[in-house]
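Reading through the structure tokens given below for one structure.
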2 protein chains.
Amino acid sequence: MHNSLVQDRADLSRRKPSSLRPGVTLADVARAAGVDQSTVSRVLRNDHGARTTEATRSRIHDEASRLGYVANAAARSLAMRRTSTLGILIPSSLNLVIVDVIRGAQDAARELGYVLMVADASELGRASDAVRSLVLEGRVDGLLIASGTITDEVTDDLLDGFGNCVILNRRIGGRAPSVIEDDDLGMFIATRELIEHGHETIACLAGPIDIDTSRRRVAGYRRAMKAAGLKVGKGSVVHRPFDEAGGFSGTTELLSGPNRPSAIASASLAAAIGGLAAARGMNVGVPDELSFTAFHDAPIANYLSPPLTTVAMPLGQLGRQAVLMLHRRLTGVSGPTHVTVQDPAPRLIRRESVARLAKPRLGEPKSAAVLGHPKLLRPTTPEATPAI
Amino acid sequence: MHNSLVQDRADLSRRKPSSLRPGVTLADVARAAGVDQSTVSRVLRNDHGARTTEATRSRIHDEASRLGYVANAAARSLAMRRTSTLGILIPSSLNLVIVDVIRGAQDAARELGYVLMVADASELGRASDAVRSLVLEGRVDGLLIASGTITDEVTDDLLDGFGNCVILNRRIGGRAPSVIEDDDLGMFIATRELIEHGHETIACLAGPIDIDTSRRRVAGYRRAMKAAGLKVGKGSVVHRPFDEAGGFSGTTELLSGPNRPSAIASASLAAAIGGLAAARGMNVGVPDELSFTAFHDAPIANYLSPPLTTVAMPLGQLGRQAVLMLHRRLTGVSGPTHVTVQDPAPRLIRRESVARLAKPRLGEPKSAAVLGHPKLLRPTTPEATPAI
DNA sequence: CTGTTAGCGCTTTCAA
DNA sequence: TTGAAAGCGCTAACAG
């Protein structure tokens, strides 16, 4: 009596122009199966103490699938006080490599039963607005921050009001949990490759000076130089944004300076692309007159002129580990709050942008006097990639 | 006894140390302001009939901001039966240009009061899973589909159960609302540029043959050829995936074929990058021996060798219009269900990959004698782009 | 093993 | 102008 009345009213008022969901609810299934909705809830969710008759159990499942029941996320979130959703804030200028991070994070999130919601860091103009709409409005249980644009200020806000976030590839005053790649090692490997090809005057095309990620990469470069007993000349490290234009500008400066390097280790892929263009513009042949390495790998590296030698970092693991850490925090499991992804080690991918230094410095001939032997590495097999 | 055991177990597993939201609710504000929560709700939302005393009004605002109140999205969604969230499905292999679409969509969404949730089309393995978690679970009010990976099958499912979606840059059997760019015009413009430089044997590096986007681009190419009275030779249109590898392979085929083109109009940017590499690999100089144009523009085009002449499409508007259309549908406002973005017209960006045909074709091999006149266009000024 | 009963935090009639 | 009350669809004690 009362019930049917309420029911009708609900149906009436629900007649919005276009209904969003199929609209079949737990109650519908319950009615159809002749049980209470709490029973349906238990069964459909495999509730722990779910000792249910096989009969009702299957009846419920049948009805549910017959009606096409899907639980409503908002209702569930409200009742459970958790959304099972994780957010990831990415730089507004989507760079070449972030997609690997996202993919890794997404896979891990799915495995743990979360939905990953990616948000452009410029989504609401400023990052703090994004934080507001995601975190404060309770759209996500936790947040991955993979954007260098987020200022320390915003991050502080975040950390104060909301502990459930982890920073990717950036360390901020040790306060926020973070997972980083081994930037130092990666850059070390790239630089070493250059050194092993006989280069001694090696410059570093670094990122913005105020980002610790950038500093770690420079550190790896310096470490390699030191290990080889090489000096880092004055002005051999230039700081520029991690993009093509930055690389162009930085490389131009390096090549115009007093002691021109015979090799450049770039701290990013995009900058290396710009650097290649700059060298070309100054008629400096790569790799004959200038060797070049890039940090991070992407398919495009294969198709540049020349194909770029890069060091591929375990970006997918970065995303995955970040999700795992976040999950631990959300579930109260203890664990490290700062991890450096080591597992798939940085991998040097030799292509054609590094050559042996043409003439040895100071009559110190390198034993393997083979000149640059650009292996004619064929680009990889085409794989399907759809249009937008 | 038994019960408390279960209880304990539950509590244990539920031990979520860190609460997700500040947790201040409408009731808290109401209590603090000494009014009912319904009043707070009205005031804070500027309810239309909100005839409220200025006194209570400001008191409520004060308390709300003092307490740092932010409405909970789940509760609101549940009560209002809408999430004010829009989803956008993007290709798992994030291409160079999708970011502009996302940005346009995001801006429009924000203006209309939506949050845009971007989801990798491979989020849950298959697109239909993504649809499930977004649409069926009611996480979004509507969905933009900007992914060619989504098969027509999945799309059909979508359309059946859920009308509130619009397809970007793809038309599917006329059933789903869609907004597309003027692919035909864009390709026409690129091809015409080639024609105006004296080329007659012009090939088209097209996308997958079964995607209508791709067909429209080819149509533009053909239209330009026809308008100039030029013939499209047999095998002058090759279909490949819209990526570097596809472009590499397609270009290789074109350059190896019987009647080698003096110019290639690529139907995507990524493919053009691969094409440039292929030409290089075959020692075919661009633009001296081969002119090249690409469809869509991105900063990287400036830094290739040679810098690519492209046609920039109004991708931001594409995203924006799609959101507007979706919003119309959600609010029951009528309007066109198929729009072609015309407003910022496709724009040809001349760089250095197109040269005047060295000498009139006699169907003879071209000597590398006369060259074009590559303008030494400097790459654009560096702009800040942060690291991941 | 299943049903009853309270909410989760918010919106929204309907009264006052 | 404001308050009371009834849900939105779901989960989670608790009782039977």
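In this text, all values refer to a predicted model and were calculated from it rather than measured experimentally. Computation of the quantities below employed the complete heavy-atom set of this structure, encompassing side-chain atoms and omitting hydrogens, waters and symmetry-equivalent molecules. Here is the naming used below: chain letters follow the sequence lines, and residue numbers restart at 1 for every chain.
Side-chain N/O atoms of R45(B) and S41(B) include a donor and acceptor closer than 3.5 Å.
Closest approach to the S38(B) side chain among dA4(D), dT11(D), dG3(C) is made by dA4(D) (side chain taken as heavy atoms from C-beta onward). Each of dT11(D), dT11(C), dC10(C) was ranked by its minimum atom distance to the side chain of A75(B); first place goes to dC10(C). Considering only side-chain atoms of D36(A), the nucleotide from dG3(D), dC10(C), dG3(C) that sits closest is dG3(C). Checking dA12(D), dG9(D), dG9(C) against the side-chain heavy atoms of R45(A) singles out dA12(D) as nearest.
Straight-line distance from the CG atom of N46(B) to the P atom of dC10(C): 17 Å, rounded to whole Å. Here dT1(D) presents its C1' atom at 12 Å from CZ of R59(B), a figure rounded to the nearest Å.
At dT2(C), one or more side-chain N or O atoms of T53(A) fall inside 4.0 Å of OP1 or OP2 (strictly under the cut-off). The phosphate of dT2(D) (OP1 or OP2) has a side-chain N or O of T56(B) nearer than 4.0 angstrom. Between R42(A) and dT11(D), a side-chain N or O to OP1/OP2 separation shorter than 4.0 Å is absent.
Between L78(B) and V35(B), the residue whose closest nucleotide on DNA chain D is further toward the 5' end is V35(B).
Look at E111(B) and R320(B) and you find a salt bridge, because one of the NZ, NE, NH1 or NH2 atoms lies within 4.0 Å of a carboxylate O, short of that distance. D28(A) and R31(A) are joined by a salt bridge, as a carboxylate oxygen and a charged side-chain nitrogen come within less than 4.0 angstrom of each other.
No hydrogens or angles were tested; on distance alone, nothing pairs the side chain of R81(A) with the base of dG7(C) as donor and acceptor under 3.5 Å.
Note that OG1 of T83(A) is 7.5 Å distant from CZ of R139(B), once rounded to the nearest 0.5 Å.
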